[in-house]
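Below: the structure, in structure tokens.
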Amino acid sequence: MPGGVIAVVDYGMGNLRSVAKALEHVADGKPVVVTADPAVVAAAERVVVPGQGAMPDCMRELNERGLRQAVIAAAANKPFLGICIGQQMLFEHSEEGDVPGLGILPGEVKRFPAGKMCLPDGQKLKVPHMGWNEVRQTKAHPLWQGIADGARFYFVHSYYVAPGDAACIASTTEYGIPFTSACARDNIFAVQCHPEKSAQAGLQLLSNFIHWNP
Amino acid sequence: MLAKRIIPCLDVTAGRVVKGTNFVDLRDAGDPVEIARRYDAQGADEVTFLDITASSDQRDIILHIVEACAEQVFIPLTVGGGVRAIADVRRLLNAGADKVSMNTAAVQNPDLVAEASAKVGNQCIVVAIDAKQSAPGRWEVFTHGGRKGTGMCAIEWAQKVQQLGAGEILLTSMDRDGTKAGFDLALTRAVADAVDIPVIASGGVGNLDHLADGVTIGHADAVLAASIFHFGEYTVRQAKERMRERGIEVRL
């Protein structure tokens, strides 16, 4: 593979086309490849792990396709972006299906309490949390560059991460409760929202990732 | 706080956006990708394509449109119309749709909702409900583009599809669709309050206050409209400004 490749890890969970197209849109000609090949992931300059669907299915597919070690290795040594389930899987455990994650970051993945809570407008909390919500940056980070604090990103999820180490929280978002909407540690950045579907703010974040040298 | 969403809807047939009243007198309103881009630029929160292509040999055209859209429009895209099997759901998602909406097929085969939700995740599965008032406080579910009654209560059906695994409900009032008289707010509120998943109100929008009413009175999580945006009466941005004036949280 040529240098400078941005690998989007394909473990069979959902459409990766949107993620790849959004990255290409801001990649300045750097090659973006959607790949299920651990060797391509290992050789890539930077790695994106998207994901949608259910956490147990995602973990099973990642394991069965032999991509688990490649993802762990990428998270250890190169610019790494986790999106949605790609963020959740970095943690130790998920309430969804009661499955272990990769355990790269301390903490667990929890479900929003549907129907049990009310929003400030008096209406009940709907789950999935679906739509555009405000991302409050809790620490400075190169991936927030050019993105206003409180900018809205597109979310669609029923589970959220609860990090065991507050130092890795990069942003919070309110949905009935405040939850962690982005995490960062060393070469890892991970978001619950979908930057590939978040218009200008999302494209800016992806562009920042492509230019990030942690 | 989560913003209420404004979703322009495009009726697409054989690769073109059309708009008519009750499926007759269709007027050509342009190229779907170009129009989706325009709505994105105006600040639309999502775009919905409803494929109303009648002939099956032209069905694949929508896939090419979805592919082209996914390359240029970086907001969520929902596609509905003619979805009958899990393979249809997969094809649309693989082409670049974020959510797939099903209507008649869900009524005929509720297991499809459960199967699709289990396979691709409930966040991708929208069940569209076309409802018509049958008595005060009671609405009947219709299928086949509103031509066939089912005898089912819309509120009960909404609860049932949530249980089956739908991630969202697109609720259209057949009584109001095309009238520009505003949403059926009683229907919208009855369904929105009966389920724990988001509800999109549809059918009847004639002005910007109708959109706001859908949220404040109808309790909708999102509002969908077609004609008021297509022919330049209002921009999405104007709609959001009005909603904000009415105290509704929007993305501006």
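This is a predicted model, so every value here is computed, not measured. In the text below, chain A, chain B and the rest are named by the order of the sequence lines, each starting its count at 1.
Taking the six-membered ring where the residue is Trp, the centroids of A:Tyr159 and A:His129 are separated by 6.0 Å or more.
Salt-bridge annotation for A:Arg68 and A:Glu61: absent, with no side-chain N of the basic residue lying under 4.0 Å from a carboxylate O of the acidic one. Checked for salt-bridge contact, B:Glu241 and B:Arg246 miss the test: no charged N lies under 4.0 Å from a carboxylate O. Look at B:Arg37 and B:Asp40 and you find no salt bridge, because none of the NZ, NE, NH1 or NH2 atoms lies under 4.0 Å from a carboxylate O. Salt-bridge check for B:Glu245 with B:Arg242: passed, with a basic side-chain N closer than 4.0 Å to an acidic carboxylate O. Between B:Lys99 and B:Glu46 there is a salt bridge, since a side-chain N of the basic residue sits under 4.0 Å from a carboxylate O of the acidic one. A:Glu45 has a carboxylate O that lies under 4.0 Å from a charged side-chain N of A:Lys30, or vice versa, which qualifies the two as a salt bridge. With salt bridges taken as basic N to acidic carboxylate O contacts below 4.0 Å, none links B:Lys119 and A:Asp57.
Residue A:Ala54: no heavy atom, backbone or side chain, is found under 4.5 Å from chain B. Residue B:Asp193 touches chain A through its backbone alone, counting heavy-atom pairs closer than 4.5 Å. In this structure, chain A has heavy atoms under 4.5 Å from both the backbone and the side chain of B:Arg251. Heavy-atom distances place both the backbone and the side chain of B:Ala192 under 4.5 Å from chain A. Proximity to chain A (any heavy atom under 4.5 Å) is shown, for B:Glu67, by both the backbone and the side chain. Within the 4.5 angstrom heavy-atom criterion, only side-chain atoms of B:Asp221, from C-beta onward, approach chain A. If you measure heavy-atom distances from B:Val66 to chain A, you find no contacts under 4.5 Å at all.
Within residues 192-202 of chain A, the residues that have a heavy atom under 4.5 Å from a heavy atom of chain B are A:Glu196, A:Lys197, A:Ser198, A:Ala199, listed by number.
Listed for the B:Asn109 side chain is no donor-acceptor partner under 3.5 Å among the backbone atoms of B:Ala105.
Taking the centre and axis of the six-membered ring of A:Trp132, the NZ or CZ atom of A:Arg152 falls outside the cone set by 45° and 6.0 Å.
Most heavy-atom pairs under 4.5 Å with chain A: of the set B:Ala118, B:Gly167, B:Ser117, B:Cys124, this distinction falls to B:Gly167. Taking chain A as the reference chain and counting heavy-atom pairs below 4.5 Å, the highest number among B:Ala222, B:Gly247, B:Ala3, B:Pro76 is found for B:Pro76. Ranked by heavy-atom pairs under 4.5 Å with chain B, the list A:His157, A:Glu174, A:Glu134 is led by A:Glu134.
A:Tyr160 and A:Phe179 have tilted rings, their planes meeting at an angle from 30° to 60° on a 0 to 90° scale.
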